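I have placed the structure first, in the form of structure tokens, so that the comments after it can refer back to it.
Sequence lines set the chain letters: A, B, ... in the order given, protein chains first and strands last, and positions in each chain run from 1. On a predicted model such as this, the values are computed, not experimentally measured, just so you know.
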2 protein chains.
Amino acid sequence: MLVGMTSRNPDRPPRSRGGDAAELAAFAGLIADETRAACLLALLDGRAWTAGELARHAGVAPSTTSEHLGKLVAGGLLTEERQGRHRYVRLAGLRVAQLVEDLASHTRPLTPAQRPRTLRAATAHAAMARGRTCYDHLAGRLGIAVTDALTHHGLLRQDTGFALTDAGLAWFATAGIALDRTGRRPLARSCLDWTERRPHLAGVAGAALCRHAMTTGWCVRIGSERAVKVTPSGERAFADLLGIEPTSLR
Amino acid sequence: MLVGMTSRNPDRPPRSRGGDAAELAAFAGLIADETRAACLLALLDGRAWTAGELARHAGVAPSTTSEHLGKLVAGGLLTEERQGRHRYVRLAGLRVAQLVEDLASHTRPLTPAQRPRTLRAATAHAAMARGRTCYDHLAGRLGIAVTDALTHHGLLRQDTGFALTDAGLAWFATAGIALDRTGRRPLARSCLDWTERRPHLAGVAGAALCRHAMTTGWCVRIGSERAVKVTPSGERAFADLLGIEPTSLR
DNA sequence: CCGACGCTTCGGCGCCCGCCGAAACGTTCG
DNA sequence: CGAACGTTTCGGCGGGCGCCGAAGCGTCGG
């Protein structure tokens with residue numbers, strides 16, 4: 001599947017590749033289409049979208065989207081869930097979200113001539129750079145500010161790797177943020193921020209912090225995208241708990 | 001550059017994508033070709049290859065390879081160095097190597113029917129699974145064994161993230177392995193092993209350990225690929241310093 | 001100085017695949 | 001029960017692009 005044999009000179013000796021080149025190319029090919037890439041980026045908000053929503057978002061016909069989603073599901077990037085006449089689809093997991101963000105962080109920064117032209121696109125871009133979710137944790141300047149504050153207070157060590165300290169574990173406990181340490185997922189891991197080009201907190205701790213921030217109303221989503229903004233109560237909480245200047249979040 | 005506008009229904013409203021979908025797709029497209037993927041996988045050994053070597057390795061005409069390398073260099077995945085009539089090319093950096101390994105770790109395991117058919121391919125695959133370099137650090141069962149041993153002796157913590165402990169820093173110092181902590185590169189970071197599907201040690205510490213192992217003769221490369229094997233002196237060293245059973249490395 | 005060699009450029013070929021609209025299917029709702 | 005809706009399947013079309021060989025260019029070596 002997905003492996004197209006091209007016409008190749010039969011006199012030439014066979015490829016000596018490790019055998020994985022075709023697999024790697026086929027997998028990357030799943031992302032190497034503008035429409036599929038648009039779907040994956042939209043799904044980075046961690047929610048489930050219907051096929052129709054993605055079709056409108058990407059600006060292609062529903063039939064086209066259907067084919068794309070079929071490939072992404074078959075390739076293991078998405079999981080689907082049928083409900084009545086709807087086909088809900090979401091990223092297959094953390095690793096996929098991490099991979100897509102990773103790839104996005106490798107794209108070259110936009111040249112001035114390519115920058116968002118319309119006012120609407122420019123404000124949307126600014127909102128994403130200010131704060132957003134990266135699948136299940138906080139990113140953008142908001143995510144960086146939280147990560148830096150944790151590090152500055154000795155709750156997170158970045159000098160010998162990337163790990164919570166004992167004080168960090170205690171901080172999460174006293175803040176009432178439960179950390180599920182049963183699974184195989186690392187407690188803390190760094191995730192390269194796509195707009196800031198610096199690492200921010202991911203892993204169990206990053207996800208728990210984000211979930212807590214959303215449920216307690218520290219942050220709310222704006223629009224239908226991944227962008228989030230900090231509420232007044234959130235500004236107070238971040239200032240009290242981590243000493244983050246409210247002005248640095250605006 | 002690299003962005004092809006396809007014929008799209010003009011009556012349809014414009015795409016609302018964040019504007020990055022085209023960039024992401026174009027970037028992934030650099031890897032989504034079997035020949036380019038074969039080049040990238042070969043270059044994962046961290047060395048510089050000539051265009052001709054890559055052409056023979058991939059089994060395509062030199063002219064074809066030339067075009068592929070041009071795209072990879074333009075896309076920032078490779079850097080080139082001209083020497084006389086040779087064009088040397090290597091991975092552009094750590095992040096690229098990490099990304100390629102990451103992508104490879106997402107490809108589905110081969111089904112029995114697709115497994116290496118020839119004896120030569122099977123032994124090469126077995127050697128890679130036993131031990132190899134992942135750009136500049138150790139991977140495969142060898143890399144896992146080292147990482148597990150470090151963790152078991154309290155030199156590396158994986159329970160609250162992924163970081164060296166103070167005892168770990170001391171261990172590197174007494175072993176005579178210098179760690180350059182001046183750069184921005186993290187001292188320790190996890191890298192998902194593509195064959196073992198478990199994390200192994202990367203970052204400054206992983207690279208220093210690998211370099212030390214190669215220069216002191218603990219490990220030697222076998223063949224022209226990335227595979228490495230542990231020498232008798234290496235077995236003694238790994239057993240003495242980390243308590244690794246020699247039999248687990250064979 | 002001339003031939004061998006490595007690499008690049010160019011034209012041309014052919015396949016792959018993303019796109020659409022039409023038609024069909026199953027679900028939901030009036 | 002019939003209409004509306006979300007989704008899928010199917011042909012067919014067209015562009016992109018990977019492939020090659022031939023020709024050209026610069027470098028190295030006898």
Side-chain angles (χ1 to χ4, degrees), chain A residues 1-15 21-22 25-26 28-39 48-75 78 80-89, chain B residues 1-15 21-22 25-26 28-39 48-75 78 80-89:
Chain A
M1 68 150 215
L2 285 173
V3 178
M5 270 318 284
T6 59
S7 70
R8 190 181 301 278
N9 186 347
D11 298 340
R12 206 171 290 276
R15 309 193 169 205
L30 291 173
I31 314 175
D33 173 84
E34 188 174 353
T35 300
R36 286 196 293 265
C39 293
W49 292 50
T50 68
E53 287 170 342
L54 288 171
R56 286 186 294 276
H57 174 76
V60 294
S63 58
T64 303
T65 306
S66 177
E67 293 171 355
H68 285 310
L69 296 183
K71 292 181 184 180
L72 291 172
V73 169
L78 303 183
E80 69 183 7
E81 200 172 333
R82 310 268 177 161
Q83 281 185 20
R85 56 186 170 186
H86 292 284
R87 178 196 207 177
Y88 283 97
V89 87
Chain B
M1 66 147 213
L2 285 173
V3 178
M5 271 316 284
T6 60
S7 70
R8 191 181 299 281
N9 185 348
D11 298 340
R12 204 171 292 274
R15 307 194 170 204
L30 291 173
I31 312 174
D33 173 84
E34 189 174 353
T35 300
R36 286 195 293 268
C39 293
W49 292 50
T50 68
E53 287 169 342
L54 288 171
R56 284 187 294 277
H57 174 77
V60 294
S63 57
T64 303
T65 306
S66 177
E67 292 171 355
H68 284 311
L69 296 183
K71 292 180 184 180
L72 290 171
V73 169
L78 303 183
E80 68 182 7
E81 200 175 332
R82 309 268 176 161
Q83 280 185 23
R85 55 185 170 185
H86 292 285
R87 178 196 205 177
Y88 283 97
V89 86

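Checking C:dT8, D:dC19, D:dG6 against every side-chain atom of B:D33, the shortest atom distance belongs to D:dC19.
Atom CG in B:L30 sits 6.0 Å away from atom CZ in B:R36 (nearest 0.5 Å). To the nearest 0.5 Å, the span separating SG on A:C39 from CG on A:L78 amounts to 8.0 Å.
Between the CZ atom of A:R36 and the C1' atom of C:dC16 there is a distance of 12 Å, rounded to whole Å. The separation between B:L69 atom CG and D:dG18 atom C1' is 14 Å, rounded to whole Å. Put simply, CG on B:L54 is 16 Å from P on D:dG18, counting in whole angstrom units.
Contact annotation: A:K71 side-chain N/O to C:dG18 OP1/OP2 distance is under 4.0 Å. For the pair B:H68 and D:dC19, the criterion of a side-chain N or O lying under 4.0 Å from OP1 or OP2 is met. An OP1 or OP2 oxygen of D:dC20 is reached within less than 4.0 angstrom by a side-chain nitrogen or oxygen of B:T64. Residue A:R87 places at least one side-chain N or O under 4.0 Å from the OP1 or OP2 atom of D:dT8. Residue B:T65 places none of its side-chain N or O atoms closer than 4.0 Å to OP1 or OP2 of C:dC7.
Along DNA chain C, the nucleotide nearest B:E53 and the nucleotide nearest A:G29 are compared for position; the residue whose nucleotide lies closer to the 5' end is B:E53. The residue among B:R82 and A:A32 whose nearest nucleotide of DNA chain C is located toward the 5' end is B:R82.
Residues satisfying the side-chain contact (heavy atoms from CB on, under 4.5 Å) test with A:A55, not counting sequence neighbours, are A:T65. Take B:S66 and apply the side-chain contact (heavy atoms from CB on, under 4.5 Å) test, not counting sequence neighbours, and it matches B:R87. B:T64 is linked by a side-chain contact (heavy atoms from CB on, under 4.5 Å) to B:V60, B:A61, B:H68, counting only residues two or more places apart in sequence or in another chain. Residues passing the side-chain contact (heavy atoms from CB on, under 4.5 Å) test with A:T50, sequence neighbours excluded: A:E53, A:H86, A:Y88.
Overall bending of the helix from C:dC1-D:dG30 to C:dG30-D:dC1, expressed as the angle between end axes built from five pairs apiece, is 30° (10° steps).
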For nucleotides 24-28 of chain D, list the nitrogen or oxygen atoms of the protein found under 3.5 Å from its nitrogen or oxygen atoms, one pair per line.
unit_1	atom_1	unit_2	atom_2	d
D:dT27	O2	B:R85	NH1	3.2

Atom pairs under 3.5 Å, N or O on each side, protein against nucleotides 10-13 of chain C: can you list them with distances?
unit_1	atom_1	unit_2	atom_2	d
C:dC10	N4	B:E67	OE2	3.3

